[in-house]
Amino acid sequence: MLKVENLSVNFGGVRALQDVSFEVQTHEVLGLVGPNGAGKTTSFNVLSGTVRPTAGSVTYEGHDILKSSMHQRVTFGIGRTFQIPQPMHELSVRENLIVAQRFGRPDGKVKQERIDEILESVNLLHKAEADAATELALTERKALEVAKALATEPTLLMLDEVLAGLETTSKKLFMQTLKNIREKYSLSMIVIEHDIETIMNMCDRVVVFNFGKVIADGDPEETFRNPEVVRSYTGEVPA
Amino acid sequence: MNIKISALMLGVMYLGVPFFLGDNDYLIGLVASALIIAGVAVAWALLGNLGGMVSFGHAAFFGVGAYTSAVLTMDYGVPVFVALVVGGVGASLSSIFMMPALRLRGPYFALAILAYAEIFKILATEATGLTGGAGGLLSIPSLPVFAGVDFGTKLGGYIVILNIVTLMLITYYFIRRSSYGLALKAMHDSELATRIVGVPATYLKVVMLLVSAFMTGAVGAFNAHYINFLEPDYAFSGTWTVFPIVAAIFGGYRTLSGPVLGALFIYLVDQLVFKNLIPQGHQLILGVMLAGMIILSPSGLLPVITNLFTRKKADNKRGEAQHA
Amino acid sequence: MKYLLETEKLSAGYGAMEVFWDLSLTFEAGRTTTIVGPNGAGKSTFLKTLMGLIEPRAGDIRFKGQSYVKEPTWNRINDGLVMIPEGRLLFSDLSVEENLIMGAYPKKTRKSMEKNRDHVFQLFPRLKERRNQEAGTLSGGEAQMLAIGRGLMEEPEICLVDEPSLGLSPVMTNEIFSIFRELKEDKMTIVLVEQNTNQALKIADHVYLMQAGKVTLSEPREAVDLQRLEDLYFARTA
Amino acid sequence: ANFVIGEHTPLSGKLARVGTGSHRGVMTGIKVLNDKYAGQHTFELKTIDDESSPAKAVSAVEKLASEGVIAFSGGYASGVIGPASEAANKANIPYITFGGVATALSQRGHEGFFRINSAAGYGKALVGLVDEMALKSVSIAYSNKEATHKMAGYIEKKLNEKGLKVSTHEYDAHVKDFKSIVNKIKLRDRSEAIVMVGYESEYVGILRAAKLLKPDVKAMIGVWSLATGKMAKEFPDLMENVYGTAMLPFPVSFNSPKQKLFYEAFKTNFKDEPSYLEQFGYVQTRLLGEAIVRAFDKNELNLKGIADELRKTDEETISGRVRFDEHGDNPEFVQRVGQHQKGKIPLVWPASSKTGEKVFPGTPWQ
Amino acid sequence: MELTAQAIFTGLLMGGFYGLVAVGLALVFGTMKVINLAHGELVLLAAYIAYAVESQTGINPLLAMPIAMAVVIAASLITFYLTNKIKKDRELNSLILTFGLGIVLTNGLLMVFSADIYSTQSAWFMEGLVIADSLFSMRSEMLAFVVGLCALGGLYWWLNHTWHGRAIRSVSSNRDAAKLMGMNPTKAELWSWAIAGVLAALAGVMLYVTSVIHPPIGHSLTIKAFIITVLAGMGSIPGVLVGALMIGVIEGLTTTFFQSSLSELASMTVFLLVLLVMPSGLFGKKAGH
Ligand SMILES: Nc1ncnc2c1ncn2[C@@H]1O[C@H](COP(=O)(O)OP(=O)(O)OP(=O)(O)O)[C@@H](O)[C@H]1O
Ligand SMILES: Nc1ncnc2c1ncn2[C@@H]1O[C@H](COP(=O)(O)OP(=O)(O)OP(=O)(O)O)[C@@H](O)[C@H]1O
Ligand SMILES: CC(C)C[C@H](N)C(=O)O
Ligand SMILES: [Mg+2]
Ligand SMILES: [Mg+2]
């Protein structure tokens, strides 16, 4: 459903992405991994429209989305989170979700039950009336990122390190929640994480970046045994 | 609370003011002048509060509205009340030139609009044929007699501007209450965050700019027929930007009635009280008051008033403090 | 003076909300203390309070035996109490190199600024490569490296570290922990808040478990059993 | 009886300087009236600072009207006077001024609107002077304000009719540097004289630039606000040989009783040398006062009565002869021209009023 | 040709002075995000002090500099102290505060010095300075230009190469982070206001010796300074220099080849065009991610 072809991004002298291609199938969970600064977040930025690529094309369900504005892409069904959470300031947690529902869904309807359900699932219901910008701990802000993306009712959900910083137990619970959501709404996902276990647990397939290039693409277990991946990224063969 | 204050305020303005001051042209005139500033202040606050865009150039809309309406009535015989609306439309149209500035943020936007206002002013000075140039326009028609009421009097003018401001407040209220209002509020500091959940931010800003320009233009048009005179330096004067901003922030620009209260307060206190204390240089006291007030009550005048109504209430919040 | 840093019945919070209260913790010179605990327990808030970024509601903080509650943050830094914050409290519109230079702001560290900077560049070659890039445009992991590097520029006597591994790749995480291990060997006092319990415990001398604003466990590293710790965590979430 | 006269004038804001001058003249007028009618009538002045703003001038007029003033002496700048006199008209109160020379003001059919000067009076003086100098080409530098813009247009037209080559340079009041303009005159226009239509600080700017670039001109001529004692004192090195309109020479040799009366009254009140602003303010107030007394005597103390009496005015004042036509304009108004000469300002035009000979050609740098 | 050369020359000199007026505002704006609407009035205050000293004692107005600096620094620090009391919505509220202070200053000057115009009596400043037989300026203009360049250069160096300067930049970038580096943010801000005071004093004395002063010009100075600051890009000193020279030259050229009354139109249009192409000003950093 998503097809990325020959994408390149330059920031001045920095070549953040070089000729990157990958695909996501319907209902697939794709892991995006690679060393720090490899270009993972940058590729999210291109997909969601915050960065314009120097070259390449992206099609999503037949739309050539590089031509679409940021908000149009959301209505096509692409939702994302930011690595540094970006709550909507001056609004409460609940209001954040109301705006996301109202403008993110093609029909613009706001359903309170759905909002409660989402808040419940990311364990934020108790903070629903809190000020989104100032009153949340780091992990709560990340949870809100996910909730906001979910409230736009995407078909493709892109998660940028939302599990990082979570304690082991919560991480497991949250992973399970994401899996449930994926089943229930039959979502596709792209997941950026640095935790190998998480990736193995969640992803059907991984794409590995290094220095802006795709160095591996395939089944997680196999890929993590790829010597190049081990050398540049994992550092040790995972258990 | 805010709504109650607004309603109370409107009540006083509609009934109290005409009843007590109706036959004092001077006082009614002062209140009307204050309402003109209030009108621009509301329009400014709408853009600043809901659109998240602080403008330093509302004089541009004020001037365009004023000239549009004046020229239409003088050269084309358009009825004054129609021309008021068209003045607003003219200001909206002029704001289309400013659309490129919408991609600017914060002070960059603020000053870009100021630059537009300067440019408009110079164009109005140079376009002698249409605007009378630096010489300006004299004897602009007054508000007419309509349905047996002479709106050309002070009281009549007061009623008209009061209605204009009221309509603006109602519009403001409904926009703010809608889901657009929420999205606009969110766009303030976090435009990226709102766009990424699908908010068409640029489109919303465009609408807000158009609405705010329309409102300001209509007020400017009203002023032209109220004071019967225009010249570029006056119509596009920085005063039409600065005082509304000061009034709006002073009154509480995030609130509905704040800008109106702020304008009334500043204008009337300055003219009625300070001016009597020091006939020349009374603005000195105004300056001191503005500075002092903003330090003492950074959210503006409205909270001070609200507090007068609701003496205590905040004391119940400390309860959770003891856990051990 | 037994402890380099200690708190006594310390409480703090935001607005009407109390985040932690009556916390009495001690940190011994030259040793590494790890604070673990579930999300939202108040760990970051606790560290910020130690630094004076948040004003405590009650209680005392003592550094080298002296009361510190009234001391402004910058004096604490000059005395050698340094924090490497979570997230990215970077100077985002300054360049990478300038960020590092600012780490050498405390007077006594200025002389050795260049030496320390080169050392950081050696630890994180990526930062050297990007020395002129604006810090705000760094990737998540790069920003984390910069925050750590900048903290090291301050030549801490005691260093409070909040989730250093956040957003780092596995290779880099190992790298970071070996850096802390070295610092520990150089007798730096370290207070480490970390979700990567596994790694954190490896370098710890003492462990605190913090839950919902309270310390529910305080034991020397030898006594801590990873499994038991996880069970305790779970006790809250269950 | 006690007559209350209202005044709105800019004591602060952009026009504070001229407003203050005018106000002092008005006060002097009131004092002289009170002395003259001591024992019979008293004159009271109520002044409101209009802050150089039309809206505030209007409320000032309304306020004063509600307090029962019987006439207005007032205002500065046509843009403020227009709406303010409109309000006075609505309140049926006469209004006399010297501060606005826009033609349209007197064409509105207001029965009670009077002014003692006119743009043409200034224009005639300048044109007359230039004519006498027998120049072939002139450059006009003028401010893009209303009065200056109109005045420059008038001079240009008249000089063109006389066959002179005229170039004009409009400048913005905020401009700080006049070198570019003067340089254009020097290198491109190569005119024989520079006429300046503007305000004090701009004259200083232009003269400084000219002194620096030394264009090859025979005379530097300005309109109002230039041939004043203040300018002579503050900028001696810039003013030498510069022409400007003036009513009286400086230092004034107040010879006639009328002049002495004004001068003494002013001097005792303000310990200062009067300028044309003070003179105008004084004259308009005195004429108004006299008309009021006459109307009172006829028991016609109202708009019509006072206006009728004003219209009967025909007097040689210290600002020249004043009478009013059906629009309330003063057709007799002619300015004179003075020239700065070693700290003094003798009148050099018209021949009939001369108190000195002009230095010609002459500029501050020659 | 001669005309063009002179126009550009005049414009550059003017620009140097504009830069001097703007840089104090830019500094405070860059460090505290406070728009000091009283900045022009502070400049004017210094000019009036130079006038007062010259007219009372007859000494060279440049010698009034120490007094002007002392007074203006004090005024600047009072402004700082007051803005610092605003805890909420500081960016907007400080507009009101400084606007109010500007009104107080303007009216205060009006009361003390009346609405008269003043300029230096010392002829030295007005003497001509001719370069290559064809470029004319007054000594004072050249002086103001040189002072402007030195002030900008000095400030740039100071901000980038001294610990105090770096501290100011850090505090403006991230207050909490600055604290964690051992900086006292309030002290750093105090420094930048004091230096803004020094710069305003310099600009004011230069204003007095180059041109004519009267109370209302304070406001127009503020606007000009603000325009240049924004054109420059938040707090960028090289930006202030380039922006100011650009505005100066455009004004000079428009006056020469069209007319003076259109120079504002030209500079505003260029200002807009620059912003539309570079939304964060000439040297502005991109607005975040
Ligand atoms: N505006 C920019 N200017 C210069 N370089 C940039 C810019 N934005 C990103 N980069 C660089 O591009 C590279 C890719 O960044 P990106 O954020 O995509 O990395 P990432 O793979 O998400 O890394 P991490 O795991 O650390 O988050 C980084 O080296 C970063 O420094
Ligand atoms: N600025 C703030 N204003 C109000 N409440 C806050 C603020 N920051 C954090 N909180 C709340 O304080 C509590 C403790 O937050 P803190 O950041 O200290 O937790 P933490 O233990 O560091 O968690 P994490 O593992 O997620 O970093 C949380 O409930 C959070 O919602
Ligand atoms: C004759 C002058 C007093 C006119 C005045 N300068 C004006 O602006 O209208
Ligand atoms: Mg990333
Ligand atoms: Mg934390």
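All values below come from the heavy atoms of this structure, side chains included, with hydrogens, waters and symmetry mates left out. Labels below follow one simple rule: chain letters A, B, ... track the order of the sequence lines, proteins then strands, and each chain is numbered from 1.
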Could you name each residue pair satisfying salt bridge (charged side-chain N to carboxylate O under 4.0 Å, His left out) that touches residues 121-136 of chain A, not counting sequence neighbours?
A:Arg94-A:Glu129

Between NZ of B:Lys185 and CD of A:Glu95, what distance do you get to the nearest 0.5 Å?
5.0 Å

Counting N and O atoms only, with roles assigned by atom type, does the side chain of A:Thr152 sit under 3.5 Å from a partner on the main chain of B:Val197, one being a donor and the other an acceptor?
no

Could you measure the distance from the CG atom of B:Leu182 to the CD atom of A:Glu90? Nearest 0.5 Å is fine.
11.5 Å

Using side-chain heavy atoms (C-beta onward) and a distance below 4.5 Å, is B:Leu192 in contact with A:Phe82?
yes

For B:Ala193 versus A:Pro87, what's the shortest heavy-atom pair and its separation?
CB-O, 3.8 Å

Do the non-hydrogen side-chain atoms of B:Ser179 and A:Val99 ever get within less than 4.5 Å of each other?
no

Salt bridge (Lys or Arg N to Asp or Glu O under 4.0 Å) involving B:Lys205 - partner list, sequence neighbours excluded
B:Glu191

Residue B:Tyr203 versus chain A: region with a heavy atom under 4.5 Å
neither

Rounded distance (nearest 0.5 Å) linking atom OG of B:Ser190 with atom NE2 of A:His89:
4.5 Å

Per-residue contacts, residues 61-74 of chain A versus chain B, heavy atoms under 4.5 Å
A:Met70, A:His71, A:Val74

At what distance, to the nearest 0.5 angstrom, does CZ of A:Arg80 lie from CD1 of B:Ile196?
5.5 Å

Considering heavy atoms only, which positions within residues 177-195 of chain A lie below 4.5 Å of chain B?
none

